[in-house]
Amino acid sequence: MTIELCVAAAIPDNNNDTAFTTETTITSEQILVYTRDWRLITRAEWAARIPTSISNFTGPAPYVILHHSYQPGVCRTLDACKAAMRSMQNYHMDGHGWTDIGYSFAVGGDGNVYEGRGYEVVGAHAPNYNSRSIGLLLIGNFMDELPPAPMLDVAQDFIKYSVESGHLRKDYILHGHRQVRSTECPGNALYAEITMWPHWQKS
Ligand SMILES: [Zn+2]
């Protein structure tokens, strides 16, 4: 079973997505149960504040908009990533006056996925796309350096999971934040990387 508590020292350095390239007779439900080596860290687990309001949209979403945080930098343990989520939520709510953390989900350097606003909730990460996208953050500054390889694997796996679980269209379009707004996000290094990912499209 793979949905286990993350141990910081156990960050995988191998790609564990063989289920997507080999066995085709098992169901997607079985894939979800038996091959995921990341865990979804819920809002309760990272001690998120309650949103001041929530607006929903009807999924599955047609877009994934990818971000880096710039700050905070890469977090490498469960506790550090939980703290990063809290600091971003505080900044977005207290500094910007937003209703919640802006992103839909975040990938930590500990190899887990952190629940932000979640699926089918209008975000605050990319104007014009907030009500039709999953805003996926990779926590760290990826202007000059790529994220650790496990973060890239988990991000791609989470996108696949989102399709399989019906929250993202099969024919989704992947954009970096800079493609929909004037910004350096998601950083030069990470942006170059995602242009080679499935479903990335020129804007
Ligand atoms: Zn961004």
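Predicted, not measured: the structure shown is a model, and the values here were computed from it. Count residues from 1 along the sequence. For ligands, and for the atoms within them, numbers begin at 1 and follow the listed sequence.
Take the Zn ion (ligand 1) and draw a sphere of radius 2.8 Å; the protein N/O/S atoms inside it number 3.
Side-chain atoms of Q179 and W200 include a donor-acceptor pair closer than 3.5 Å.
Closest non-hydrogen pair, V122 versus R117, comes out as O-NH1, 2.9 Å.
Between R49 and D94 there is a salt bridge, with a side-chain nitrogen of the basic residue lying less than 4.0 Å from a carboxylate oxygen of the acidic one. In this structure, R39 does not pair ionically with D110, as no charged nitrogen and carboxylate oxygen lie closer than 4.0 Å.
For D144, the CG atom counts as loosely surrounded, since its 6.0 Å shell holds 12 or fewer non-hydrogen atoms of other residues, nucleotides or ligands.
A cation-pi arrangement is absent between R169 and Y172, since the terminal nitrogen or guanidinium carbon is not both under 6.0 Å from the aromatic centre and inside a 45° cone about the axis.
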